[in-house]
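Have a look at the structure below before the remarks.
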There are 2 protein chains.
Amino acid sequence: MGTTTKALSLLGYFTRARPLIGLSDMARLSGLNKATVHRLMGELAQAGFVEQAGSGREYRIGPAVMRLAALREHAVPMRDVAAQVLRDLSDATEETAHFSLMQGQTLSTVAYAYSPVHGTRVTMEDAEVLMLHATSSGLAVLAYSPRDLVDAVLQAPLTARTPQTITDPAEIRALLTEIRAQGVAESVSGFEEDVHSHAAPIFDARGCAMGAVAVAAPTVRMDDALAAHIRASVKAQALRLTRMLGGFPPADYPKDSHDTVAGPAPATA
Amino acid sequence: MGTTTKALSLLGYFTRARPLIGLSDMARLSGLNKATVHRLMGELAQAGFVEQAGSGREYRIGPAVMRLAALREHAVPMRDVAAQVLRDLSDATEETAHFSLMQGQTLSTVAYAYSPVHGTRVTMEDAEVLMLHATSSGLAVLAYSPRDLVDAVLQAPLTARTPQTITDPAEIRALLTEIRAQGVAESVSGFEEDVHSHAAPIFDARGCAMGAVAVAAPTVRMDDALAAHIRASVKAQALRLTRMLGGFPPADYPKDSHDTVAGPAPATA
DNA sequence: AACCAATGGTTCACATAATGAACCGAACAA
DNA sequence: TTGTTCGGTTCATTATGTGAACCATTGGTT
């Protein structure tokens with residue numbers, strides 16, 4: 001393992017729950033020698049990536065990352081990043097993939113990608129507003145949203161877009177629990193007739209659901225095999241997009257044991 | 001120079017104007033061997049600090065910094081705190097207010113606020129790097145910086161951003177003495193043409209200057225009354241921000257006994 | 001087609017820079 | 001006192017990083 005990799009891996013041990021780490025703690029966490037950690041932290045500190053908190057001599061994330069984050073935000077608009085992931089997702093599933101973001105209390109479509117494989121496909125509109133209770137994307141977001149939002153949405157009148165739209169608040173709450181267990185939401189003809197969609201949430205840097213990635217297929221093409229494939233794909237790609245956008249899933253988000261989506265892994269040592 | 005320092009220094013070459021950098025360019029910019037840069041960028045990429053943009057094989061800042069920035073912001077909500085102070089300052093002066101922090105040996109913009117009053121205003125960019133000798137913020141910081149830093153900055157070649165930029169080290173040293181007497185630095189068209197700015201330093205918990213708050217106005221609007229108002233406001237708000245961030249001014253920082261610039265609008269409005 | 005000058009990327013002999021066991025002085029507790 | 005921690009330092013050993021020279025591609029010129 002390269003020296004730089006070691007140094008950068010140290011940054012991975014800072015979390016929301018553990019924003020301050022002392023020298024000895026860091027040595028323990030990383031499994032590296034205390035002297036090594038000291039030198040690496042010194043270099044990180046000199047570059048402004050960490051700094052020593054005033055009172056103790058513990059370290060915390062430094063100001064340099066703010067500058068880089070501002071650059072990243074400017075250089076990489078979310079749509080472009082999402083477009084890439086959606087293309088992969090629609091290729092993998094041979095169906096329509098789309099990405100939507102919460103804006104205020106509504107969910108609106110940001111980007112989508114079609115698969116060229118089938119002649120019939122689910123089509124999307126730019127900036128379409130998705131109802132939270134009637135779409136798989138909306139349910140995926142709701143399942144990982146704070147109670148306030150869920151209550152606000154479910155106490156408002158729930159309009160039925162189709163005869164299949166679920167409008168009973170109690171039924172939806174039960175659904176949300178199930179979604180949290182699965183990590184994937186599902187909707188059959190809830191928003192558009194004859195559309196069967198699966199969605200997984202996208203999380204921001206605080207671990208809050210900020211949107212969702214979904215795959216929508218005509219109901220006639222859906223069967224158990226395709227559904228299983230889509231569920232796995234959408235979940236994997238949603239995790240990938242979450243990471244690409246700099247967010248990370250909450251601790252209780254169900255992990256599939258098999259798929260290993262590359263991420264900023266901590267020390268393997 | 002340590003390997004880690006070299007790797008991290010590469011990140012410093014990304015700017016707003018240059019968000020994508022190729023391998024050869026990076027080697028040129030950093031003065032390092034291409035093979036070295038390749039390996040370092042590889043390690044940075046593996047950790048998510050850079051990534052290779054889809055089209056070319058050029059590098060850009062990666063998603064990992066977003067996570068760290070969120071952590072930093074959570075631990076040290078400087079940006080939020082500053083935003084509040086800047087809003088008050090721009091309201092009070094009816095001009096653009098901004099806050100910048102020293103990172104290593106450069107000063108970079110952290111936050112800013114515009115006043116809605118005038119149609120023309122000085123505009124800012126996120127994460128813009130301010131030259132220490134050519135901006136009021138830079139001079140304010142230098143005036144309260146240790147001798148080493150001042151010497152290092154003034155012995156390097158001082159580039160002139162505009163014809164009005166002061167590039168004579170002796171002249172700048174004289175200026176710094178004056179700034180220490182006033183507690184406020186001033187720059188007329190030193191960084192951008194037709195911009196007149198005033199700045200006051202922000203101190204950390206040890207009483208060292210760690211950044212500056214400034215108000216920038218179009219030169220055409222500047223007159224004695226506005227200048228006096230801005231000087232008082234920027235000084236008062238800088239002191240306030242210093243305190244809010246847990247720092248305090250050094251003993252020799254000039255205190256204005258009389259003006260209490262709590263009042264919002266200037267007389268001229 | 002042939003040529004040139006870029007690009008990103010790779011190799012390997014060499015030496016610089018990283019490593020870690022043992023050490024220090026300072027707090028704090030029993 | 002003794003025994004813990006803690007952050008930080010030293011220095012012989014060697015793993016790690018380095019860079020001149022090398023490919024393989026690409027895009028532009030002649």
Contact pattern, 5' to 3', of nucleotides 23-30 of chain C - B, S or - by protein heavy atom under 4.0 Å: --------
Taking only N and O in the side chain of [X], is any of them less than 4.0 Å away from OP1 or OP2 of [N]?
{"X": "B/Tyr59", "N": "C/dT7", "result": "no"}
{"X": "A/Thr36", "N": "C/dA18", "result": "no"}
{"X": "B/Gln52", "N": "C/dT7", "result": "no"}

May I have the distance from [X] (atom [atom1]) to [N] (atom [atom2]), rounded to whole angstrom?
{"X": "A/Met26", "N": "D/dG7", "atom1": "CE", "atom2": "P", "result": "11 Å"}
{"X": "B/Arg39", "N": "D/dG19", "atom1": "CZ", "atom2": "P", "result": "9 Å"}
{"X": "A/Leu32", "N": "D/dG7", "atom1": "CG", "atom2": "P", "result": "15 Å"}
{"X": "A/Arg57", "N": "D/dT9", "atom1": "CZ", "atom2": "C1'", "result": "14 Å"}
{"X": "B/Leu8", "N": "D/dG17", "atom1": "CG", "atom2": "P", "result": "13 Å"}
{"X": "B/His38", "N": "C/dT10", "atom1": "NE2", "atom2": "P", "result": "5 Å"}
{"X": "A/Asp25", "N": "D/dC6", "atom1": "CG", "atom2": "C1'", "result": "10 Å"}
{"X": "A/Met41", "N": "D/dC6", "atom1": "CE", "atom2": "P", "result": "15 Å"}

Report yes if some heavy atom in the side chain of [X] is under 4.5 Å from a heavy atom in the side chain of [Y]; otherwise report no.
{"X": "A/Glu43", "Y": "B/Leu8", "answer": "no"}
{"X": "A/Leu32", "Y": "A/Lys6", "answer": "yes"}
{"X": "A/Met26", "Y": "A/His38", "answer": "no"}
{"X": "A/Tyr112", "Y": "A/Thr123", "answer": "no"}
{"X": "A/Pro63", "Y": "B/Arg72", "answer": "yes"}
{"X": "A/Leu23", "Y": "A/Arg57", "answer": "no"}

Taking only the side-chain heavy atoms of [X] (C-beta and beyond), determine which of [options] contains the nearest atom.
{"X": "B/Leu40", "options": "D/dC6, D/dT18, C/dT11", "value": "D/dT18"}
{"X": "B/Ser24", "options": "C/dA18, C/dG20, C/dG8", "value": "C/dG8"}
{"X": "A/Leu23", "options": "C/dT7, D/dG8, C/dA21", "value": "D/dG8"}

Taking atom types as modelled, find out whether B/Arg87 and B/Gln84 have a side-chain donor-acceptor pair closer than 3.5 angstrom. no
Protein-nucleic acid N or O pairs under 3.5 Å, nucleotides 11-16 of chain D:
residue: D/dT16; atom: O3'; partner: A/Thr3; partner atom: OG1; Å: 3.0

Kindly indicate, with the supporting measurements, whether the criterion salt bridge (charged side-chain N to carboxylate O under 4.0 Å, His left out) is fulfilled by B/Glu51 and B/Arg60. CA-CA 6 Å; B/Glu51 64 182 8; B/Arg60 71 176 166 211; 2.7 Å; yes
Once you measure the plane-to-plane angle for B/Phe203 and B/Tyr253, does it fall in the parallel (<30°), tilted (30-60°) or perpendicular (>60°) bin? perpendicular
Where do B/Asp25 and B/Arg18 land on the salt bridge (charged side-chain N to carboxylate O under 4.0 Å, His left out) test, with the steps shown first? CA-CA 11 Å; B/Asp25 272 340; B/Arg18 204 195 304 115; over 6 Å; no
Map B/Ala35 and B/Arg28 onto DNA chain C by nearest heavy atom, then report which one ends up closer to the 5' terminus.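 This one resolves to B/Arg28.
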